[in-house]
Number of protein chains: 2
Amino acid sequence: MHFLFLLELKKLLINHHLMYEQLRAYINNGTSSIISDEEFKLVEQAFTPKIIKKKQFLLHEGMVCKYMSFIVKGTMRQYTIDQKGNEHIVRFGIENWWISDRDSFINLTPTKYCIDALEDTELLVTTNEKLINLRATSVHFNKMCQNLDEKHFSASQERIQAMISYTAEERFLHLMNTYPVFIQRIPQAMLASYLGITPETLSRIRKQVTLQNKSSR
Amino acid sequence: MHFLFLLELKKLLINHHLMYEQLRAYINNGTSSIISDEEFKLVEQAFTPKIIKKKQFLLHEGMVCKYMSFIVKGTMRQYTIDQKGNEHIVRFGIENWWISDRDSFINLTPTKYCIDALEDTELLVTTNEKLINLRATSVHFNKMCQNLDEKHFSASQERIQAMISYTAEERFLHLMNTYPVFIQRIPQAMLASYLGITPETLSRIRKQVTLQNKSSR
DNA sequence: AAATCTGCTTGATATTTGTCAAGCGAGCTT
DNA sequence: AAGCTCGCTTGACAAATATCAAGCAGATTT
């Protein structure tokens with residue numbers, strides 16, 4: 001009994017180690033110089049590993065979003081629920097992106113979003129206070145945050161532009177090109193919601209698209 | 001002749017002074033402590049005043065966006081032009097917001113956006129290098145940038161959510177509540193583009209809305 | 001194995017929005 | 001004052017998308 005417990009604990013620690021290592025790799029990825037062990041220790045201390053099982057919630061409508069989480073592995077979604085009970089997916093979260101409702105996180109206001117996991121997902125979680133401190137003390141980490149923010153800006157703008165200028169079919173093709181991972185991993189009904197259309201319409205669009213591909217070959 | 005020139009120059013300097021003062025006011029607005037004169041001098045030095053006349057371009061598709069501009073007064077639009085020649089407005093810029101294509105600004109890639117002025121607009125312009133230096137030297141300015149970024153994040157997310165969950169009419173009503181200034185200042189055809197609909201549809205929606213208001217009184 | 005559920009597809013029809021064409025009033029130019 | 005552009009509206013019709021209802025194959029539960 002004791003022995004099995006220790007074994008599980010060991011596995012857990014190894015897994016946690018791997019999670020931090022991926023964060024380290026991503027930090028190094030964005031800068032020319034490599035983050036030192038001492039500096040990375042500061043980063044480690046600011047984050048807590050967390051695993052969210054499929055369908056579990058990270059955030060629920062009405063809560064204040066106290067955490068900002070770096071996704072190490074897995075897929076999440078951030079969505080609202082309207083009066084009719086329909087879900088509208090604002091954002092998918094995958095590896096190497098933040099997941100959080102920044103508005104609620106910064107202003108401590110209740111969120112209107114839910115965030116849950118589409119598959120078992122590994123997170124590194126931090127608070128606003130720790131984040132602010134860490135950004136002030138670790139140059140490399142701060143740089144990573146800036147890069148992530150720019151990535152986020154760019155993605156949002158791209159999405160808005162697609163929504164106002166493209167038809168549903170064009171938006172789907174655009175998504176296929178930009179985030180092919182989404183198409184592979186995410187159930188079609190959720191992709192439809194993300195694209196702002198109904199599942200039925202997406203089904204017809206896909207049929208359309210595959211037919212066009214076949215005839216052009 | 002000499003005299004008139006000096007008079008014009010004086011007017012210009014006074015105007016420039018007022019522009020900087022507004023930036024100072026906005027910086028102070030976002031923090032608990034007030035920015036000192038020495039610190040604000042650093043801010044002043046990083047920016048150049050610029051006036052863009054109505055319909056003039058600040059940025060054109062294909063250029064690299066080398067500047068980030070703080071709007072002191074006026075209205076701008078950031079938009080794409082599709083193959084059919086239709087314009088799609090991604091964003092309006094008004095007082096106390098940045099205007100720039102951040103993606104191009106950061107990565108030095110050619111932009112796909114045009115930015116022009118809807119009315120004579122006063123800007124304080126800076127470069128990425130100056131911005132980075134200034135953020136490192138002025139705590140108050142850095143805080144303002146963070147606040148602006150959060151404002152931008154929040155607005156983008158809000159917009160995306162509106163696009164995927166609301167009908168055209170709901171989006172218009174939402175815009176009326178969120179940015180009534182837009183409705184007052186901006187020609188209807190451009191509002192339509194911003195909402196992702198045609199001018200004709202917006203015209204019909206407005207008719208609809210005013211009829212409903214009348215009957216409910 | 002039967003029953004249920006989930007994710008997706010398909011068809012018929014309704015609703016929303018776009019397209020094209022015309023018109024109208026206000027302000028501007030000549 | 002005549003003519004013109006601009007911003008907006010309106011009508012008739014077309015296209016895109018939603019809605020409702022049904023069905024179906026594969027996975028999961030009982």
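All of these numbers come straight from a predicted model, not from anything done at the bench. Order of the sequence lines sets the chain letters (A, B, ...), proteins ahead of strands, with each chain counted from 1.
- With sequence neighbours left out, the side chain to side chain contact (heavy atoms under 4.5 Å, CB included) criterion links A/V181 to A/R185.
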For residues 84-92 of chain A, which side-chain donor-acceptor pairs fall under 3.5 Å, sequence neighbours excluded?
{"residue": "A/E87", "atom": "OE1", "partner": "A/R77", "partner atom": "NH2", "Å": "2.4"}
{"residue": "A/H88", "atom": "NE2", "partner": "A/D82", "partner atom": "OD2", "Å": "2.9"}
{"residue": "A/R91", "atom": "NH2", "partner": "A/W98", "partner atom": "O", "Å": "2.5"}

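- Counting 5' to 3', DNA chain C first comes under 4.0 angstrom of a heavy atom of chain A and last does so at the ends given by C/dC8 to C/dA12.
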Whether each nucleotide of nucleotides 6-25 of chain D has a protein heavy atom under 4.0 Å at its base (B), only at its sugar-phosphate (S) or at neither (-) is summarised, 5' to 3', as --SSBBB----SSBB-----
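- Aromatic ring orientation, A/W97 versus A/Y179: perpendicular (interplanar angle above 60°, classes split at 30° and 60°).
- With sequence neighbours left out, B/A189 forms a side chain to side chain contact (heavy atoms under 4.5 Å, CB included) with B/P199.
- Taking five base pairs at each end of the helix from C/dA1-D/dT30 to C/dT30-D/dA1, the local helix axes there meet at an angle of 30°, rounded to 10°.
- The stretch residues 186-196 of chain A participates, sequence neighbours left out, in these side chain to side chain donor-acceptor pair (under 3.5 Å) pairs: A/Q188-A/R206.
- With sequence neighbours left out, A/A25 forms a side chain to side chain contact (heavy atoms under 4.5 Å, CB included) with no residue at all.
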Distance-only donor-acceptor hits, side chain of residues 44-54 of chain B, under 3.5 Å, sequence neighbours excluded:
none

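- Sorted by first and then second residue, the salt bridge (charged side-chain N to carboxylate O under 4.0 Å, His left out) pairs with a member in residues 152-173 of chain A read A/E158-B/K112; sequence neighbours excluded.
- Pairs of residues two or more places apart, or lying in two chains, that qualify as salt bridge (charged side-chain N to carboxylate O under 4.0 Å, His left out) and include a residue from residues 14-24 of chain A are A/E21-A/R24, A/R24-A/D37.
- Among residue pairs with one or both ends in residues 10-30 of chain B, those qualifying as ring-ring contact (aromatic ring centres under 6.0 Å, His included) are B/Y26-B/F70; sequence neighbours excluded.
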